[in-house]
Amino acid sequence: MSKRLPDRNTEFSRWYTQVVNQACLADYGPVKGTMVIRPYGFQLWDNIKETFDKMIKNTGHVNAYFPLFIPKSFLAREAEHVEGFAKECAVVTHTRLKADEDHGVVVDPESKLEEEIIVRPTSETVIWSMYKKWIQSYRDLPILINQWANVVRWEMRTRLFLRTSEFLWQEGHTAHATAAEAQQETMDILELYRQLADDYLAIPVITGLKTESEKFAGADKTYCIEAMMGDKRALQAGTSHNLGQNFAKAFDVTFQTKDNQEEWVWATSWGISTRLVGAVILTHGDEKGLRLPPKIAPVQVIVIPISKDDQQTAEVKAYLNPIIAALERSGVRVQVDWTDNSPGFKFNEWEMKGVPLRMEAGPRDVQQGNVVLARRDTGEKQVLAKNEAVEKIPYLLENIQQGLFDQALKFREENTHNIESYDEFKKVIKKGGFVRCGWDGTEKTETRVKEETKATIRCIPFDENPSGLTCVFSGQPAKHEVIYAKAY
RNA sequence: CGGAGCGUGGCGCAGCCCGGUAGCGCACCACAAUGGGGUUGUGGGGGUCGCAGGUUCAAAUCCUGUCGCUCCGACCA
């Protein structure tokens, strides 16, 4: 064991970068802030994507695709929305290059656009410009459209998966006839996000409402799932917005009700992104690298054959083939590492890549009809008869899935503190973790706390109980019980 | 925009002060042995030293200019 990762406790951020790099998840693109998602990382995203795609299709949503380019003027239609995104938009101003003796190519000034075009930071505006065309009557509602796409938000400080100028995501945009229906949709989707995080990514999340200052620009209400990462900081893992009639008004989208009234359309939008891949790494990773939840792991079982010579290799191969076939039949994603690296090297490499289960098989096992199984989550090794192993593996995978969730939940609970005094608050925030306490409901308190401690209100959790609490900062009676933390 | 620094095989670096025709580690390729926790040995391939100009018999090295990047500050989440 010579190649080690930076210490997770003292150099968490270097540790993260190294894991992303060594597990071959992603790399930096040539333009600052851009990311190349490598095949192993993309399979991970693909699995998340497929899971969620099924969830929304089961609930009546359909996929579509809207353009990357948006007229600049669209962004300005909704006042809050411009405010929120204006500072991070990529703008297309010209349409041509031309050869230049000194610099190779230069922008052709002749090709300047009449109306400049922005690259979508999110698609509410294009989509609502289209909904205006498509919606006339209550019979056209609801519209439950989702799109899988890339968006661009110009960022100065970047971290692979967590914050890049371009990222992949899913954005749902729905249109409804009533406020109640839109609110229901917002909450239904939030529940799907919770399930995705809890049940598939094994990341326990807190569901709740964002404060006014943290909500999406253009929304009436923003709901979120928030998770605690391995360094005790918070990560917003998904958001679901009730947009009210804001975009309908901005794009003049009305419909005729059953009783022949004209009314603004009610809207929602919601998204999760490749940031979730970062969340998986930050939540489950350990000193040996990645640990992947079996349900989304590209490879669930990695088989390491061990042999001294060609004859043994042939024997091991013949021994393994039916075992692998049997696993594949029961739906296990299994892969064999036939490279001629040493076994020790392979152990470390696949541990870095977070594969939940390793199966070793060598001459000894062939003789005795066994295989060796090693769990990535606990490191535990056991020798099993081959048939028993095949039977047991699906259960072991479930067990690992649950184990990762339990461990993450325990970690979050150990690092969440109910606090009453501001002194105590500052101590906890400095050490890292979630603080659960009273808030007087004012933006002023929020801002001051942020200035003094860098902590922000992550959300007002649904299970809040503000009665009897006082605001940890102002001492006024608490309007809400909230979660404060330093965030990504 | 202010301050500092860096550009030399794929990656990380040495060489520059004091000019003499480019080297180390990792990675890569070949062969052999090894193989149950990052295995050795031997051999090999790959760089007009960011770019342009100048000084010189001779420039990675000295001078001028230029381009790019990183860090700190500023700004932003």
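Given the structure is predicted, the values throughout are model-derived calculations rather than measurements. Values reported hereafter were calculated over all heavy atoms of this structure, with side chains retained and with hydrogens, waters and symmetry mates removed. In the text below, chain A, chain B and the rest are named by the order of the sequence lines, each starting its count at 1.
Evaluation of the salt bridge (Lys or Arg N to Asp or Glu O under 4.0 Å) test over residues 211-223 of chain A, restricted to residues two or more places apart or in two chains, returns E80(A)-K215(A), E212(A)-K215(A), E214(A)-R458(A). For residues 301-318 of chain A, the set of pairs meeting the salt bridge (Lys or Arg N to Asp or Glu O under 4.0 Å) definition, not counting sequence neighbours, is empty. Sequence neighbours left out, the pairs with a member in residues 348-360 of chain A that pass salt bridge (Lys or Arg N to Asp or Glu O under 4.0 Å) are K288(A)-E351(A), E351(A)-R358(A), R358(A)-E360(A), E360(A)-K381(A).
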- request: Any chance you could list the contact pattern along nucleotides 69-77 of chain B? Use B for base contacts, S for sugar-phosphate-only contacts and - for none, protein heavy atoms under 4.0 Å, 5' to 3'.
  value: -S----B-S

- request: Fill in the dot-bracket string of RNA chain B, one character per base: . for unpaired, | for a pair to another strand, ( ) or [ ] for pairs within the strand, taking Watson-Crick or G-U pairs under 3.5 Å.
  value: ((((((((.[[[[.)....(..]]]].((((((.....)))))).....[[[[[..)....]]]]])))))))....

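Between S342(A) and U39(B) there is a side-chain polar atom (N or O) within less than 4.0 angstrom of OP1 or OP2.
Taking R96(A) as the reference, D108(A) meet the salt bridge (Lys or Arg N to Asp or Glu O under 4.0 Å) condition, with sequence neighbours excluded. Legend: residues meeting salt bridge (Lys or Arg N to Asp or Glu O under 4.0 Å) with E83(A), ordered by chain and number and at least two apart, are absent. For D198(A), the salt bridge (Lys or Arg N to Asp or Glu O under 4.0 Å) test picks out R194(A), with sequence neighbours left out. Not counting sequence neighbours, the partners of N370(A) by the side chain to side chain donor-acceptor pair (under 3.5 Å) test are Q368(A). Applying the salt bridge (Lys or Arg N to Asp or Glu O under 4.0 Å) criterion to E116(A), with sequence neighbours excluded, gives K72(A), K112(A).
A22(B) sits 24 Å from U56(B) when the P atoms are compared, rounded to a whole Å. Taking atom P in both C28(B) and C69(B), one finds a spacing of 30 Å when rounded to whole Å. As rounded to the nearest Å, U48(B) and A4(B) have C1' atoms that lie 31 Å from one another. Taking the C1' atoms as reference points, C17(B) lies 11 Å from C62(B), given to the whole Å. Between G25(B) and G46(B), the two C1' atoms lie 16 Å apart (nearest whole Å). Across the C1' atoms, G44(B) and G7(B) are found 29 Å apart, a figure rounded to whole Å. When the P atom is compared between A59(B) and G54(B), the two are found 12 Å apart, to the nearest whole Å. If you take atom P in G47(B) and the same atom in G65(B), they sit 32 Å apart, rounded to whole Å.
The CZ atom of F347(A) sits 11 Å away from the C1' atom of G38(B) (whole-angstrom rounding). In this structure, E349(A) places its CD atom 13 Å from C1' of A27(B), rounding to the nearest Å. Between the CD atom of E287(A) and the C1' atom of G37(B) there is a distance of 15 Å, rounded to whole Å. Rounding to whole angstrom units, CG of residue D337(A) and C1' of G37(B) are separated by 14 Å. We find that OH of Y319(A) is positioned 18 Å from P of G36(B), with the value rounded to whole Å. Atom P of nucleotide G35(B) and atom CG of D340(A) are separated by 14 Å, given to the nearest angstrom. N348(A) places its CG atom 13 Å from the C1' atom of G36(B), with the value rounded to the nearest Å. The distance between atom CD1 of I306(A) and atom P of U34(B), rounded to the nearest whole Å, is 16 Å.
Residue R358(A) is classed as a base contact, given a heavy-atom separation below 4.0 Å to a base.
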Kindly give the atom pairs (protein nitrogen or oxygen, nucleotide nitrogen or oxygen) under 3.5 Å for nucleotides 5-13 of chain B.
none

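Side-chain contact between L292(A) and R376(A) is absent, with no heavy atoms from C-beta onward closer than 4.5 Å.
Aromatic ring centres of H81(A) and F247(A) lie closer together than 6.0 Å. For an aromatic pair to be called close, the ring centres must be under 6.0 Å apart, and H417(A) with F425(A) fails this.
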Under 3.5 Å donor-acceptor pairs involving side-chain atoms of residues 481-488 of chain A, not counting sequence neighbours:
from	atom 1	to	atom 2	distance (Å)
E481(A)	OE1	N465(A)	N	2.8
E481(A)	OE2	R436(A)	NE	3.2
Y488(A)	OH	D231(A)	OD2	2.8

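For Q312(A) against G35(B), a side-chain-to-base donor-acceptor contact under 3.5 Å is absent. With hydrogens and angles left out, the side chain of N341(A) and the base of G38(B) share no donor-acceptor pair within 3.5 Å.
In this structure, the nucleotide among G35(B), G36(B), U39(B) sitting nearest to the side chain of K308(A) is G35(B). Here the nucleotide nearest the side chain of M352(A), chosen from G38(B), G36(B), G37(B), is G38(B).
Between the side chains of Q147(A) and S123(A), a donor-acceptor pair is found at a separation under 3.5 Å.
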